[in-house]
Amino acid sequence: MKKTLKALSIGLCLLLPLSLFVGCGKEAAKPEPEPEPVIETVIDKTPEPEPQPEPEPQPEPARAALTGELSDDPYSFTLMLDGAVYTLPAPFSEFAANGWEIQTTLGVDYAAEKLNPNQYTVIVVVKKGEHQVYMDFVNTDVDVKTLPECQVGTVQLDAFDAQKGAELILPGNITLGVPKEDVLARYGEPSSIYDGSINLSYTYSLGGYSEIRIDINQETGLVSALKMRNLVANEKSAATPSGETPGVVSGYQAPSALGDTWSSFTVKYDGDLYKMPIPVSEMVAHGWVCVSDENTLINAKGFAVGFEMRKGNQVLRTSLRNFADTQQPAQHCFVTRIEYYDNGAQLHLELPRGLSEDSSIGDFIKTYGEPDKTDTSGTLFDYYTWGKVFEELTVVVSKESGKIVKIELSYDPKTL
């Protein structure tokens, strides 16, 4: 089955590195984040082959030499397959070098199949000797490619195919036969759970294109199937920025407590105290990971929008400002917008005097006074804003439930 990635208005936003819009001098209104891409099916899904009788025992193929290290971070999308470590998406040539071959299935010669740019396949049988796994292939190039020339975006293995000898290990040493309790201890609560009659499926997701699914047998409580999927090309710059950390960054001091009002711009975000704007490096020191390229250069006094950072499986799409007098990489810049958002970064955001997403809009008005702007004209949400552009707090409330669905705090001063 082939599928097509759509919504490429920002230059292959799914499969190419994020473009940062940089400006300097006179401030301009910040663009809204681009919508998430959607996927369209272009040909029918090839059915999975029927289970075959277990073959006669064969000599086990020699293991591939270990390459690289398996991360403990599930969202690194590293895996170990038969002793070799790969980071998805990975060129199929890396797998081929270790003896893996694309199989002809139900009369389809998948090794000769071609993919257009931004297309991917679903369920292709790949073998090394008697060892068998399923893979998805994605074409991240600008030209039509055959599957062997494409990237592997998914690897999956279940207990049935594992009987043929393949071994798949995910970060944190999660493999077939591991107890459910180990999965939860190492990966935390899943993004979603499917409670089936045979298997309990845990999905850990960064979106539809990047996820891990772990099936657990309901009877035994042990892992019975593994699937790692990442179709998002990670093409960060290999360059290492030169020069020392700017003094404006190294001089940052985190607060020891929250202030008295929202305009102090002190927050407790996922349990850590910050004063906005926040150095990217300060957030990284508290467990955040740059999804976007931290080496992307931003002009002196310039800004960038759409920069993505991740903590666990929560992704913050934010804006950066370079307060230095010289051009700097993103890692030496400041985050100027944070949020709690039901459809975004669902991380506990505590503001001064204990207000958070668990508070009511009445609590906000009682504590911070009447908002400077209120918009209740929409059919789904009400918007309450304190402050002014670049220095504001916005709270969004669901009309149906009356609950807060989003808190956005922005602080982008002209100087520090």
Side-chain angles (χ1 to χ4, degrees), residues 5 7-22 30-37 71-79 86-90 118 138 140 151 153-154 171 187-188 191 203-212 228-241 269-270 272 274 277-298 303-322 328-341 343-347 349 408:
L5 306 178
L8 303 180
S9 61
I10 60 171
L12 304 181
C13 61
L14 172 65
L15 298 170
L16 298 180
L18 177 67
S19 296
L20 301 179
F21 298 92
V22 179
K30 300 182 181 180
E32 292 292 327
E34 295 289 341
E36 292 289 332
S71 171
D72 287 331
D73 179 6
Y75 305 106
S76 65
F77 294 101
T78 60
L79 60 84
Y86 308 89
T87 299
L88 302 183
N118 309 308
V138 59
T140 61
Q151 305 272 320
T154 303
Y187 285 17
S191 306
T203 299
Y204 296 85
S205 176
L206 293 182
Y209 307 120
S210 304
E211 64 183 24
I212 295 172
M228 176 177 280
R229 182 192 202 202
N230 186 28
L231 303 182
V232 181
N234 183 9
E235 298 184 4
K236 292 187 178 183
S237 170
T240 301
Y269 199 24
D270 195 38
D272 297 310
Y274 302 101
I278 311 166
V280 170
S281 56
E282 179 74 7
M283 295 182 68
V284 169
H286 287 98
W288 288 81
V289 176
C290 293
V291 178
S292 301
D293 189 354
E294 65 268 27
N295 292 327
T296 296
L297 295 175
I298 300 176
F303 67 91
V305 298
F307 190 84
E308 292 187 344
M309 300 185 70
R310 171 180 63 80
K311 192 171 188 184
N313 65 348
Q314 300 302 309
V315 177
L316 171 68
R317 198 159 193 248
T318 186
S319 302
L320 302 184
R321 170 72 67 178
N322 175 14
Q328 295 292 332
Q331 60 185 283
H332 291 167
C333 295
F334 286 72
V335 170
T336 61
R337 189 188 69 82
I338 60 175
E339 68 178 14
Y340 167 85
Y341 188 21
N343 295 318
Q346 296 181 28
L347 295 171
L349 176 56
E408 180 179 304

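Since we're looking at a predicted model, the values are computed, not measured.
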Report yes if some heavy atom in the side chain of [X] is under 4.5 Å from a heavy atom in the side chain of [Y]; otherwise report no.
{"X": "Tyr340", "Y": "Gln346", "answer": "yes"}
{"X": "Val280", "Y": "Val335", "answer": "yes"}
{"X": "Thr296", "Y": "Pro329", "answer": "no"}
{"X": "Phe334", "Y": "Pro279", "answer": "yes"}
{"X": "Ser319", "Y": "Phe303", "answer": "no"}
{"X": "Thr154", "Y": "Leu88", "answer": "no"}
{"X": "Thr336", "Y": "Pro277", "answer": "yes"}
{"X": "Met309", "Y": "Val284", "answer": "yes"}

What heavy-atom pair brings [X] and [Y] nearest, and what distance separates the two atoms?
{"X": "Ser210", "Y": "Val232", "result": "OG-CG2, 3.4 Å"}
{"X": "Arg229", "Y": "Phe77", "result": "O-CE2, 3.5 Å"}
{"X": "Ile212", "Y": "Pro74", "result": "CD1-O, 3.3 Å"}
{"X": "Pro171", "Y": "Ser76", "result": "CG-OG, 4.2 Å"}

Can you tell me how far the [atom1] atom of [X] sits from the [atom2] atom of [Y], to the nearest 0.5 Å?
{"X": "Cys333", "Y": "Arg321", "atom1": "SG", "atom2": "CZ", "value": "9.5 Å"}
{"X": "Gln331", "Y": "Ser281", "atom1": "CD", "atom2": "OG", "value": "8.0 Å"}
{"X": "Leu316", "Y": "Lys311", "atom1": "CG", "atom2": "NZ", "value": "11.5 Å"}
{"X": "Leu347", "Y": "Tyr269", "atom1": "CG", "atom2": "OH", "value": "5.0 Å"}
{"X": "Phe307", "Y": "Leu320", "atom1": "CZ", "atom2": "CG", "value": "5.5 Å"}
{"X": "Thr87", "Y": "Leu79", "atom1": "OG1", "atom2": "CG", "value": "8.0 Å"}

Trace of the side-chain contact (heavy atoms from CB on, under 4.5 Å) decision for Asp73 with Arg310: CA-CA 12 Å; Asp73 179 6; Arg310 171 180 63 80; 3.0 Å; yes
If the condition is side-chain contact (heavy atoms from CB on, under 4.5 Å), which residues does Thr203 pass it with, not counting sequence neighbours? Ser192, Ser205, Glu211, Arg213
Output yes when a side-chain donor or acceptor of Asn322 lies under 3.5 Å from a complementary backbone atom of Ile298, and no otherwise. yes
As a test of understanding, state which of Arg337, Met283, Glu339, Glu308 forms a side chain to side chain contact (heavy atoms under 4.5 Å, CB included) with Thr318. Arg337
For Glu282, all residues meeting side chain to side chain donor-acceptor pair (under 3.5 Å), sequence neighbours excluded: none
